[in-house]
There are 2 protein chains.
Amino acid sequence: MSKDSPTNAKSRRRPEQVTLSQVAQAAGVSPITASRALNHPDKVSDSTRQSVLESVERLGYVPNLVAGSLASSRSRLIAIIVPSLINSVFVEVIKGLQETLEAQGYQILLGNTDYDLDREYQLVRTFLGWSCSALVTAGLRHNDACRTLLANCGHPIMEVMELGKGMDLNVGLDHTAAGSCMTNHLIDRGYQRIVYVAARLSHDYRAGMRYEGHKAVLKAKGLEAPLLELDTLGSLQAGAESLAQVLQHYPATQAIHFANDDLAAGALLAAQRRGLSVPDDIAIAGFNGLPLGQHITPKLTTILSPREDMGRLAAQELIRRLSGKSVYRRQHDVGFTLQVGEST
Amino acid sequence: MSKDSPTNAKSRRRPEQVTLSQVAQAAGVSPITASRALNHPDKVSDSTRQSVLESVERLGYVPNLVAGSLASSRSRLIAIIVPSLINSVFVEVIKGLQETLEAQGYQILLGNTDYDLDREYQLVRTFLGWSCSALVTAGLRHNDACRTLLANCGHPIMEVMELGKGMDLNVGLDHTAAGSCMTNHLIDRGYQRIVYVAARLSHDYRAGMRYEGHKAVLKAKGLEAPLLELDTLGSLQAGAESLAQVLQHYPATQAIHFANDDLAAGALLAAQRRGLSVPDDIAIAGFNGLPLGQHITPKLTTILSPREDMGRLAAQELIRRLSGKSVYRRQHDVGFTLQVGEST
DNA sequence: CGCTGTCATGATAGCGCTACCATTACTTCT
DNA sequence: AGAAGTAATGGTAGCGCTATCATGACAGCG
């Protein structure tokens, strides 16, 4: 009784906040029963549940999830850590995750590392401090401190985007294979002098993996694999500018294999402005399968990666794990699809 | 002593978790002093702070933010509620918010309503349960329950995207004026038979506001303001399809005023495929100022809205408010810029 | 020399909730 | 009939941290 009394001198309570005890009192049950009525509805009788819910409604009770999490050390928070929000690729994965997780009553803590692994470590620390139920990171690369923290935190870790030796769960695709796939296609089309253009590989190291796949194919045929690395983010603008650079440095180029569709589309549109014919004067290929590529003329040849699906699948796997079901696979290869357009 | 002992039969602690008490003990100070060393560094002596930080490092202590928030009823969490993650417009606002808030040590709780106000209410409830420091919502429209909750929660509310009678803080732009601005431009160019094309106005009601601005200008000149509302989300695809519909239903159309750049660019690219000349056969205008519009030929006439800036400004205002500074403006008009391209 | 003020630190008592165990009233089984 | 469940409820004791007040030490002051 005195516990609930606001006259208590030591009380720090915000008096306007309705607590579960007040709900319980109004419903004529103990606080713990009220708690059960809300969180384990099957553990109380129908009539009790009814009257508790009615009191909740009447008093405008909003559960204090902070207190609940502290008491139960479970939070229903999922941390999502991505390196960028500008790159729509990550947003689409977030979309898939978010859609699935929110439907299951999880909330999303979003962090952006800006491609900085130290920043990632800080974010992981903070998110662990929120005792989030699981962490999702884009990519398999972490610094040592971060790796240690993740390995010992006791929560499920989901690494998305690429496929490889993950810490725990992993949903992604094989970027090296994707790079090879596209280059095989270009060679099938008869192109031999192919330049690979990427934006800042230190950031987008997955583009670097695709380049490795690309290079392996060319080397096997005894061909060169020149690389043009731009010092900007991938964008239409960067793609447009890179076209000029390629034509200047490698005038005999027959095809350009771009690290992503933004670059490729930018170059394609710039080629049009210049009066170059694609693919006759120069062939252009991208990666990602953005809608844009399918609406420009000529349609862009690209590789479609199932980004929202990746997010959805990752979320499903996590939920399965979190709900204690043992039926799950540690690793999922979501694959990719070569989408042959008119630009190659 | 016995409190920290894991032998205590009633203890529910996860034994692997390092607590502040352990850090304090290792540093030879009381828990409360250790807390101060971390959260109010200026309130402890240099030597104490040093030894606490060193113990934190050595023991690998990760602060339990849940416990901290419960005790202090402050969380450094900011809720961001948007209606969609597909629409890049919202993502850009999130980007601006996130960048500014993370730099100040705030974390982001992200929610997606899918244009459903009831869902928004649920998200607000949940986020308030996390006693987040502030809430950001995209838009001024809420249902009654949500409005009541927000009004009484005692936390700063920031409504972004549009300008109007907000609940608390408001950063946005005048969509009606933006609609008028573009239509004035079209009329200046000599177009009179102008169709407005939008995607699902019940969702994107801001597009509806722009249409109102558009209509007002035309009505004032005694001109008709036909509206074509699509039953899809705004996308390149929808824009491409809408072109055919406009040409069929309104064959004499001189210009199309699209609700956003995705639609406009889709239509422009589709017009090219059809061999129509833009703007000679038909003029096309958009809204948003997406990079895409500046890379296609002809360049798209559009209205540039400062989306990341909107996010940044909103975050700055919130931070100012949260840190108790009284210097803030309740409302900011971030304005917009008519970007005249080659498509009109 | 006491008086007041500031600084660094500590003891206490919660924040609002739930895990854990206990209790009671029934039902079912042998 | 008594043992052995099962279902519904409650009491107690924290979860790990911080607000509040209290304490002691020491400086400055007339």
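Values reported hereafter were calculated over all heavy atoms of this structure, with side chains retained and with hydrogens, waters and symmetry mates removed. Convention: sequence-line order gives letters A, B, ...; per-chain numbering from 1.
- Bending across the helix from C:dC1-D:dG30 to C:dT30-D:dA1, expressed as the angle between its end axes from five pairs apiece, amounts to 30° (10° rounding).
- Here the C1' atom of nucleotide C:dC15 and the CD atom of A:Gln22 are 14 Å apart, to the nearest Å.
- The backbone N or O of B:Leu109 sits nowhere less than 3.5 Å from a side-chain atom of A:Gln107 that would complete a donor-acceptor pair.
- For the atom pair B:Glu102 CD and A:Thr113 OG1, the distance stands at 9.0 Å (nearest 0.5 Å).
- Residues that satisfy the side-chain contact (heavy atoms from CB on, under 4.5 Å) test with B:Ile86, not counting sequence neighbours, are A:Lys95, B:Ser84, B:Leu233.
- Contacts with DNA chain D (heavy atom under 4.0 Å) in residues 36-49 of chain B: B:Asn39, listed by number.
- The heavy-atom pair separating B:His332 from B:Leu163 by the smallest distance is O-CD1, 3.2 Å.
- When the side-chain contact (heavy atoms from CB on, under 4.5 Å) test is applied to A:Leu140, the partners found at least two apart in sequence or on another chain are A:Glu159, A:Glu162, A:Asn170.
- Under the 30°/60° scheme for interplanar angles, the aromatic rings of A:Tyr115 and A:His203 are found to lie parallel.
- Scanning residues 50-61 of chain A for heavy-atom distances under 4.0 Å to DNA chain D yields an empty list.
- Considering only the side chain of A:Ser30, D:dG11 comes nearest among D:dG11, D:dC15, C:dG10.
- Here A:Ser72 lies in heavy-atom contact (under 4.0 Å) with sugar-phosphate atoms only.
- For D:dG10, the OP1/OP2 oxygens have a side-chain nitrogen or oxygen of A:Thr33 closer than 4.0 Å.
- Residue B:Val29 is in sugar-phosphate contact alone, with no base atom involved, counting any heavy-atom pair closer than 4.0 Å across all strands shown.
- When distances are taken from the side chain of B:Ile32 to each of C:dG16, D:dG11, D:dA19, the shortest belongs to D:dA19.
- For the OP1/OP2 pair of C:dC15 and a distance below 4.0 Å, the side-chain nitrogens and oxygens of B:Ser73 include no atom meeting the criterion.
- Residues satisfying the side-chain contact (heavy atoms from CB on, under 4.5 Å) criterion with A:Ala24, sequence neighbours excluded, are A:Val29, A:Pro31, A:Ala34.
- Side chain of B:Ser51 to backbone of B:Thr48: a donor-acceptor contact under 3.5 angstrom is found.
- When the nucleotides C:dG16, D:dG11, D:dG16 are ranked by their closest atom to the side chain of B:Asn64, D:dG16 comes out on top.
- Under the 3.5 Å distance criterion, the side-chain polar atoms of A:Arg36 are left unmatched by any main-chain donor or acceptor of A:Arg49.
- Summarising the geometry, the separation between CG on A:Leu70 and P on D:dG16 is reported as 7 Å, rounded to the nearest angstrom.
- Atom CD of A:Gln25 is separated from atom C1' of D:dT9 by 17 Å (rounded to the nearest Å).
- B:Ser133 places a side-chain N or O within 3.5 Å of a backbone atom of B:Arg76 that can act as its donor or acceptor partner.
- Applying the 4.0 Å criterion to OP1 and OP2 of D:dA19, one finds that B:Arg74 has a side-chain N or O inside that range.
- Ion pair B:Arg119/B:Asp114 not flagged as a salt bridge, since none of the NZ, NE, NH1 or NH2 atoms sits closer than 4.0 Å to an Asp/Glu carboxylate oxygen.
- For B:Asn64 (side chain) and B:Ala67 (main-chain N/O), a donor-acceptor pair under 3.5 Å exists by modelled atom type.
- A close approach under 4.0 Å does occur between a side-chain nitrogen or oxygen of B:Ser35 and OP1 or OP2 of D:dT18.
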